[in-house]
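First the structure, in the form of structure tokens, and then the observations on it.
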Amino acid sequence: MKEIRVRFAPSPTGPLHIGGVRTALYNYLFAKKHGGTLILRIEDTDQTRFVEGAENYIIESLTWCGITFDEGVHIGGPYAPYRQSDRKALYRQYAEQLVASGHAYYAFDTPEELEMLRKDYESRKEMFQYGPSTRLGLKNSLTLTADETQKLLDSGTHYVIRIKIPQNETITVIDLIRGATNFESSLLDDKVLFKSDGMPTYHLANVVDDYLMKISHVIRGEEWLPSAPLHVLLYKYLGWEEQMPQFSHLPLLLKPDGNGKLSKRDGDRLGFPVFPTEWQDPKSKEISSGYRESGYLPEAFINMLALLGWNPGNDQEILSLHELIDLFSIERCSKSGAKFDPEKAKWFNHQYLSKKTGEELAVFLTKQLAEKGISANQSYITHVCNMVKERCHLLPDLWEQSYFFFQAPKSYDEKVIAKIWKPQTTELLTGLTTVLVGIELFTAPEIEDSVKKYCEEKQVGMGQVMNPLRLTVVGTNAGPSMFEMMELLGQTEVLERLNKGIEEIKV
RNA sequence: GGCCCGUUCGUCUAGGGGUCAGGACGCAAGGUUUUCAUCCUUGAAACAGGGGUUCGAUUCCCCUACGGGCUACCA
């Protein structure tokens with residue numbers, strides 16, 4: 001069987017959004033599943049769209065996701081270089097080979113001429129197509145004599161090389177997800193393969209590199225399906241039909257609301273990240289938020305993404321990277337686009353977060369505390385994490401759910417006071433202080449015991465005491481188990497807060 | 001406009017000629033909890049429409065509608 005070699009081939013035109021990450025992920029899963037090789041190739045044939053730092057961003061954000069490559073622009077490999085601009089010298093010969101074999105031709109029309117032609121057609125409500133029906137009326141090596149063509153070439157006139165699309169052929173694209181799709185060649189146009197700046201277009205570079213790098217499967221977004229017949233033709237005309245990779249076109253990721261494919265704007269508009277990690281535009285300096293910075297765990301992020309357009313065929317939703325590799329199959333990818341759901345992304349993160357150990361989470365909370373100038377000992381922080389982790393969805397919740405372990409309340413929630421602070425509360429709590437002072441071993445069970453006894457003595461329900469007590473200790477009516485919390489805070493601290501509360505809370 | 005792809009609860013989806021059309025997110029109601037959250041239980045919620053084929057179609061075929069993608073010397 002043919003060796004499995006797949007590639008992720010982004011353009012460094014900006015940060016990679018989650019749709020791109022998913023494409024990378026599916027390539028990764030496919031490669032790992034079949035013991036194959038995953039390659040990172042940078043497709044930077046359009047130098048006008050180059051964005052500083054984008055390539056680096058792609059590498060770093062995928063690394064955060066846990067997606068690793070076997071060959072690529074950042075690690076080299078047997079088919080280096082892996083950046084198309086570094087392979088520039090290589091493409092011209094293939095374009096010229098196509099001209100020589102009669103499957104392509106030189107075209108000398110300027111962009112301005114073509115633009116005018118398009119406008120002209122448009123005004124007649126028609127679409128201009130550089131193809132079989134029009135190419136004989138344009139300035140190219142098909143209409144010029146060999147002499148004239150040569151003269152233009154020699155004089156340094158700008159030219160492009162276009163594919164000569166055949167007249168009445170049906171081109172079949174076999175796709176592992178969608179099956180066979182037929183395209184009529186007469187509806188295709190003579191796409192530019194080689195640009196006047198000496199660079200190939202995507203179509204040529206992609207086919208040449210996939211061939212040269214022995215790519216066995218092309219897994220890419222659905223937006224490439226319409227140009228797949230062109231690629232099939234290229235393999236055929238270059239004489240590489242036997243080595244043509246198998247195609248899979250992934251469905252698109254759509255906006256959570258409304259219609260259309262997910263874009264950067266949607267994130268800003270709806271308040272969720274569309275990029276794996278934070279990105280700052282080098283020109284506008286505008287910052288786009290990332291999943292990492294928003295407090296998502298990479299495992300959760302990847303798990304969520306994997307299930308957007310693929311599923312294992314059973315009800316299991318929480319899947320480790322290892323399980324994903326094990327279960328993945330390209331045939332189980334869905335055909336229709338998936339609307340992205342930010343709420344479910346949070347749910348996934350909650351699942352992973354609550355299963356982390358206190359030690360693991362302490363690393364994050366320690367960092368958050370440091371930013372606020374708070375320090376505490378590690379075992380205390382670990383304890384706190386264990387106590388609050390199940391209440392957290394995103395990493396910043398660690399602090400949101402536990403701040404009162406690190407600072408006494410500065411104020412008390414008015415609404416809660418109104419609801420629970422009764423006329424006899426002050427007296428009840430004052431009595432409680434003497435009970436708490438008397439506890440020798442300040443542990444949760446001991447405290448619970450004493451408080452229960454106290455309530456029985458006073459003939460009041462636990463809530464009468466516990467709710468106001470929580471208010472004095474936390475500042476509001478939220479938080480984990482009071483008794484465990486008190487044990488962790490310690491007798492002195494609890495009494496201090498209690499006394500302060502009794503002092504300050506008046507109805 | 002043309003070409004191509006698609007269409008199961010609001011969303012992600014399973015299923016596939018005879019099913020109570022299953023799960024998850026979200027939502028609602030109960031329960032647990034001294035509180036909030038978690039958690040547990042329950043509930044509402046879907047086969048786009050019309051024609052075929054068939055004893056039977058959500059499942060197969062066709063048409064329509066709707067959605068999406070592409071239609072650059074961008075990728």
Side-chain angles (χ1 to χ4, degrees), chain A residues 9-13 43-46 48-49 107 109-111 114-115 118 122 125-130 158-162 173 175 177-178 181-184 187-189 191-197 199-203 205-206 220-229 249 251-252 254 256-257 259-261 304 307-318 332 334-348 350 354 388-393 397 401 416 419-420 448 451-452 455 461-471 474 476-483:
Chain A
S11 301
T13 55
E43 309 221 326
D44 58 345
T45 53
D46 184 0
T48 64
R49 293 215 305 162
D109 322 86
T110 65
L114 292 174
E115 185 55 31
R118 284 202 183 87
E122 214 172 298
K125 294 223 189 286
E126 281 175 54
M127 279 298 269
F128 170 71
Q129 186 191 42
Y130 206 123
H158 277 339
Y159 68 92
V160 299
I161 296 176
R162 288 181 180 271
V173 175
D175 181 292
I177 297 173
R178 291 156 209 280
T181 304
N182 294 324
F183 295 85
E184 289 310 316
L187 272 0
L188 266 34
D189 56 356
K191 278 266 175 308
V192 171
L193 300 177
F194 198 82
K195 300 186 270 188
S196 60
D197 66 355
M199 277 291 223
T201 59
Y202 169 85
H203 306 292
N206 193 258
R220 79 229 297 194
E222 191 185 345
E223 68 268 28
W224 292 109
L225 193 51
S227 46
H249 292 93
L252 264 18
L254 276 18
D257 65 337
N259 314 115
K261 65 175 173 180
M304 177 272 296
L307 259 32
L308 236 38
W310 173 86
N311 73 82
N314 56 36
D315 287 343
Q316 198 182 352
E317 288 201 286
I318 301 300
R332 286 205 65 86
S334 49
K335 299 181 184 64
S336 49
K339 279 190 187 177
F340 179 70
D341 181 2
E343 284 307 314
K344 190 138 189 185
K346 276 187 200 157
W347 176 81
F348 270 109
H350 168 71
S354 56
V388 303
K389 65 180 183 181
E390 285 183 2
R391 326 163 68 82
C392 298
H393 283 77
D397 293 344
Q401 295 290 336
V416 178
K419 196 171 154 195
I420 64 164
E448 182 166 2
V451 174
K452 267 189 181 146
C455 289
M462 287 279 278
Q464 296 262 319
V465 172
M466 295 306 291
N467 289 330
L469 172 61
R470 178 181 293 277
L471 183 62
V474 176
T476 184
N477 63 337
S481 154
M482 255 331 264
F483 302 116

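Letters go in sequence order (proteins before strands), and every chain restarts at 1.
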The side chain of A:Ser196 lies closest to which of these nucleotides: B:rC73, B:rA75, B:rU34?
B:rC73

Calculate, to the nearest 0.5 Å, the distance between atoms CG and NZ belonging to A:Leu471 and A:Lys419 respectively.
11.5 Å

Do A:Thr201 and A:Phe194 touch side chain to side chain, with heavy atoms closer than 4.5 Å?
no

Please report, rounded to the nearest Å, how far the P atom of B:rU33 is from the CE atom of A:Met462.
11 Å

Just the rounded figure in Å: distance from P of B:rA72 to OH of A:Tyr130.
14 Å

Interatomic distance at P, B:rA37 relative to B:rC27, whole Å
12 Å

Quick one: label A:Pro480 by what it contacts on the DNA or RNA (base, sugar-phosphate, nothing), any heavy atom closer than 4.0 Å.
base

Of the listed B:rG26, B:rA75, B:rC5, the closest approach to the A:Glu343 side chain comes from B:rG26

Charged N-O contact under 4.0 Å between A:Glu122 and A:Arg118:
no

C1' gap between B:rG26 and B:rC20, integer Å
24 Å

Out of B:rG6, B:rC74, B:rC39, which nucleotide sits closest to the side chain of A:His350?
B:rC39

Side chains of A:Arg332 and A:Asn311 only: does a donor on one sit below 3.5 Å from an acceptor on the other?
yes

Does A:Asp341 come within less than 4.0 Å of A:Lys339, counting only side-chain N to carboxylate O?
no

Nearest of B:rC3, B:rU71, B:rA24 to any side-chain atom of A:Lys191?
B:rU71

Figure out the CD/C1' separation between A:Gln129 and B:rC70, and round it to whole Å.
13 Å

For B:rC66, which nucleotide in any strand shown is its Watson-Crick or wobble partner with both distances under 3.5 Å?
B:rG6

Selection from B:rC3, B:rU71, B:rA75 that lies nearest to any side-chain heavy atom of A:Phe183:
B:rC3

Write down the distance between CG (A:Leu254) and P (B:rG6), rounded to a whole number of angstrom.
15 Å

Between OG of A:Ser11 and CG of A:Asp46, what distance do you get to the nearest 0.5 Å?
8.0 Å

Have a look at A:Thr45 and say if it touches a base, only the backbone sugar-phosphate, or nothing, with a 4.0 Å heavy-atom cut-off.
sugar-phosphate

Measure from the side chain of A:Lys339, starting at C-beta and using heavy atoms only, and say which of B:rC5, B:rC12, B:rG68 lies closest.
B:rC12

Distance test, side-chain N/O of A:Arg162 to OP1/OP2 of B:rC73, below 4.0 Å
yes

Taking N and O atoms by type only, does the side chain of A:Lys344 place a donor or acceptor under 3.5 Å from a partner on the base of B:rA24?
yes

Roughly, in whole Å, what's the span from CG in A:Leu252 to P in B:rG67?
16 Å

Does any nucleotide pair with B:rA21 by Watson-Crick or G-U wobble geometry, both distances under 3.5 Å, and what is it?
none

Report the residue (A:Pro226 or A:Thr181) whose heavy-atom-nearest nucleotide on RNA chain B is the more 5′ of the two.
A:Thr181

Closest listed nucleotide, where the reference is the side chain of A:Leu308 and the choices are B:rC74, B:rC12, B:rU38:
B:rC12

Whole angstroms only, please: what is the CG-P distance between A:Asp341 and B:rC25?
11 Å

Looking at every strand, decide which applies to A:Asp109 at a 4.0 Å heavy-atom threshold: base, sugar-phosphate, or nothing.
base

With heavy atoms under 4.0 Å as the rule, sort A:Lys125 into base, sugar-phosphate or nothing.
nothing

Shortest side-chain distance from A:Val160, nucleotide among B:rU34, B:rC73, B:rA75
B:rC73

Using the C1' atom as the reference point in each nucleotide, state the distance between B:rG43 and B:rU7 in Å, no decimals.
28 Å

With both distances under 3.5 Å as the test, what is the Watson-Crick or G-U wobble partner of B:rC60?
B:rG52

Please state the C1' separation for the pair B:rG22 and B:rC9 - nearest whole angstrom.
12 Å

With a 4.0 Å limit, can you tell me whether A:Lys195 has a side-chain N or O closer than that to the phosphate oxygens OP1/OP2 of B:rA75?
yes

Check the distance between B:rC70's P and A:His249's NE2 and give it to me in whole angstrom.
12 Å

Under 4.0 Å between a side-chain N or O of A:Lys261 and OP1 or OP2 of B:rC70?
yes

Can you tell me if the side-chain N/O atoms of A:Arg118 get under 4.0 Å from OP1 or OP2 in B:rC73?
yes

Quote, to the nearest angstrom, the P distance that separates B:rA46 from B:rG23.
14 Å

Rounded to the nearest 0.5 Å, what separation is found between the CG atom of A:Leu308 and the CZ atom of A:Phe340?
7.0 Å

Phosphate oxygens OP1/OP2 of B:rA14: is one of them under 4.0 Å from a side-chain N or O of A:Asn311?
yes

Would you say the side chains of A:Asp109 and A:Tyr130 form a donor-acceptor pair under 3.5 Å?
yes

Counting side-chain heavy atoms from CB outward, which of B:rU11, B:rU13, B:rA24 is closest to A:Trp347?
B:rA24

Pick the P atom in B:rC66 and in B:rA48, then give their distance to the nearest Å.
16 Å

Rounded C1' spacing from B:rC60 to B:rU53 in Å
8 Å

Using the P atom in both, what is the distance from B:rU8 to B:rU13, to the nearest Å?
9 Å

Rounded to the nearest 0.5 Å, the CG atom of A:Leu187 sits from the CD atom of A:Gln129 at a distance of 7.0 Å

With both distances kept under 3.5 Å, what pairs with B:rG26, Watson-Crick or G-U wobble?
none

With a 3.5 angstrom cut-off on both distances, give the Watson-Crick or G-U wobble partner of B:rA44, or none if there isn't one.
none

When you measure from the side-chain N and O atoms of A:Ser334 to the phosphate of B:rU13, is any distance below 4.0 Å, counting only OP1 and OP2?
yes

B:rC5, B:rU34, B:rU13: which one has an atom nearest the side-chain heavy atoms of A:Arg178?
B:rC5

Between A:Leu114 and A:Asp315, which residue's closest nucleotide on RNA chain B lies nearer the 5′ terminus?
A:Asp315

Does the side chain of A:Arg178 come under 3.5 Å of the side chain of A:His249 through a donor N or O and an acceptor N or O?
no

Looking at every strand, decide which applies to A:Gly309 at a 4.0 Å heavy-atom threshold: base, sugar-phosphate, or nothing.
sugar-phosphate

Measuring to OP1 and OP2 of B:rG15, would you say a side-chain N or O of A:Arg332 lies under 4.0 angstrom away?
yes

Whole angstrom value for the distance that separates C1' of B:rU11 from CE of A:Met304:
14 Å

B:rG1 -> Watson-Crick or G-U wobble partner, both distances under 3.5 Å, gives B:rU71

